[in-house]
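The residues of the chain are indexed from 1 along the displayed sequence.
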Amino acid sequence: MAHRAKKALTILLGQCVPSVKSQASKIRIRKMELDENLLMYFKQDKFVYAHDPNKLCKSGDIVLVKELPERLTKQITHSIEKIVFKFGDIQDPITGKNVVVNQYREQMDAASEAYGKSESGFDYDKAPPRGRLEGIRDFTHQETYIKWNEDGKDQPFAV
């Protein structure tokens, strides 16, 4: 009797990056790797393709990907489990408050009220949802490709 070792399914957190595949999204999974000589951690990126036929996640979204028990194609090895954060809408996991870089939005509002609001300041509460300019100024839904040569032709979606 031959025993087959069952491989544990893994769930990973990653960020969606532009992808050329039509049925999949490209996900960057960042890992901190220890250099034994320097005793310092350095970023190591791993890229996987996750099955996303409806193109639910866009560039910049933070997603959970789950390893498929069986590969769909040679490159598609994962599936999109859940979109954790849309691009620009990050929440602190402990408090549940919205965050901008390293500050809570509530702190930013309190500071702007105390010191006076500038007219050029951005108001997150009045901002429209992401994706409303799709096709006008937001081209994250367009198919991207790598520009291999400079031939002078217009290539608007080249990376």
Side-chain angles (χ1 to χ4, degrees), residues 3-112 115 121-125 127 129-131 133-134 137-150 155 157-159:
H3 285 88
R4 280 189 171 173
K6 289 191 177 183
K7 190 175 171 183
L9 296 178
T10 57
I11 296 178
L12 302 167
L13 185 73
Q15 185 175 21
C16 186
V17 294
S19 174
V20 182
K21 302 273 182 208
S22 61
Q23 296 290 317
S25 294
K26 189 175 183 181
I27 308 296
R28 178 183 67 208
I29 298 166
R30 185 158 279 173
K31 182 180 169 185
M32 299 299 283
E33 194 114 349
L34 177 67
D35 186 342
E36 295 289 335
N37 297 327
L38 297 174
L39 292 178
M40 291 177 63
Y41 285 93
F42 294 97
K43 294 177 190 171
Q44 296 292 324
D45 289 339
K46 178 184 174 185
F47 292 94
V48 296
Y49 284 98
H51 185 60
D52 187 16
N54 299 330
K55 285 290 188 186
L56 295 176
C57 64
K58 293 188 173 198
S59 298
D61 291 347
I62 306 296
V63 296
L64 281 176
V65 292
K66 181 178 172 183
E67 190 173 2
L68 293 170
E70 199 172 286
R71 290 181 172 200
L72 287 180
T73 65
K74 189 175 182 180
Q75 292 181 328
I76 300 175
T77 58
H78 292 72
S79 67
I80 302 286
E81 188 69 20
K82 178 183 173 187
I83 298 176
V84 180
F85 299 118
K86 288 285 193 186
F87 181 66
D89 292 330
I90 306 295
Q91 290 182 342
D92 180 23
I94 297 170
T95 61
K97 296 178 183 177
N98 289 337
V99 178
V100 177
V101 185
N102 62 349
Q103 286 184 330
Y104 291 117
R105 286 188 190 171
E106 295 172 357
Q107 291 176 337
M108 293 173 58
D109 293 340
S112 63
Y115 296 112
F122 186 77
D123 191 5
Y124 289 96
D125 296 329
R130 180 174 176 244
L133 294 175
E134 191 170 292
R137 291 187 183 172
D138 175 21
F139 296 103
T140 56
H141 65 287
Q142 294 289 342
E143 183 177 326
T144 58
Y145 55 89
I146 297 172
K147 186 189 295 188
W148 293 103
N149 55 8
E150 299 288 338
Q155 299 178 1
F157 307 120
V159 177

Identify the heavy atoms of Val99 and Asp92 that sit nearest to each other, and give their distance.
CG2-N, 3.7 Å

Determine whether Tyr104 and Thr95 make a side-chain contact, defined as any pair of heavy atoms from C-beta on separated by less than 4.5 Å.
yes

So, taking the atom named CD1 in Ile27 and the one named OH in Tyr49, what distance separates them when rounded to the nearest 0.5 Å?
10.5 Å

Taking everything shown except Tyr41 itself, do over 12 heavy atoms lie less than 6.0 Å from its OH?
no

To the nearest 0.5 Å, tell me how far Leu34 CG sits from Met40 CE.
10.0 Å

Spatial distance of atom SG (Cys57) from atom NZ (Lys82) [nearest 0.5 Å]
14.5 Å

Within residues 23-40 or reaching into it, pairs that qualify as side-chain hydrogen bond (donor to acceptor under 3.5 Å, both in side chains) - sequence neighbours excluded:
Gln15-Arg28, Ser25-Asp52, Arg30-Asp45

Is the number of heavy atoms from other residues, nucleotides or ligands under 6.0 Å of Gln91 CD greater than 12?
yes

Shortest non-hydrogen contact between Ala24 and Lys55, atoms and distance:
O-NZ, 2.8 Å

Considering all heavy atoms of both residues, which atom of Ala50 and which atom of Ile76 are nearest to each other, and what is their separation?
C-CG2, 4.3 Å

Using salt bridge (charged side-chain N to carboxylate O under 4.0 Å, His left out) as the criterion, list what pairs up with Lys21, not counting sequence neighbours.
none

Would you check if Ile80 and Val65 make a side-chain contact, meaning some heavy-atom pair closer than 4.5 Å?
yes

If you compare all heavy atoms of Leu56 against all heavy atoms of Ile83, which two are closest, and at what distance to 0.1 Å?
O-CD1, 3.7 Å

Determine whether more than 12 heavy atoms belonging to other residues, nucleotides or ligands lie under 6.0 Å from atom OH of Tyr115.
no

Please give me the minimum heavy-atom distance between Leu12 and His78, naming the atom from each residue.
CD1-NE2, 4.1 Å

Taking all heavy atoms of Leu13 and all of Ile29, pick out the closest pair and write down the distance.
O-CG2, 4.0 Å

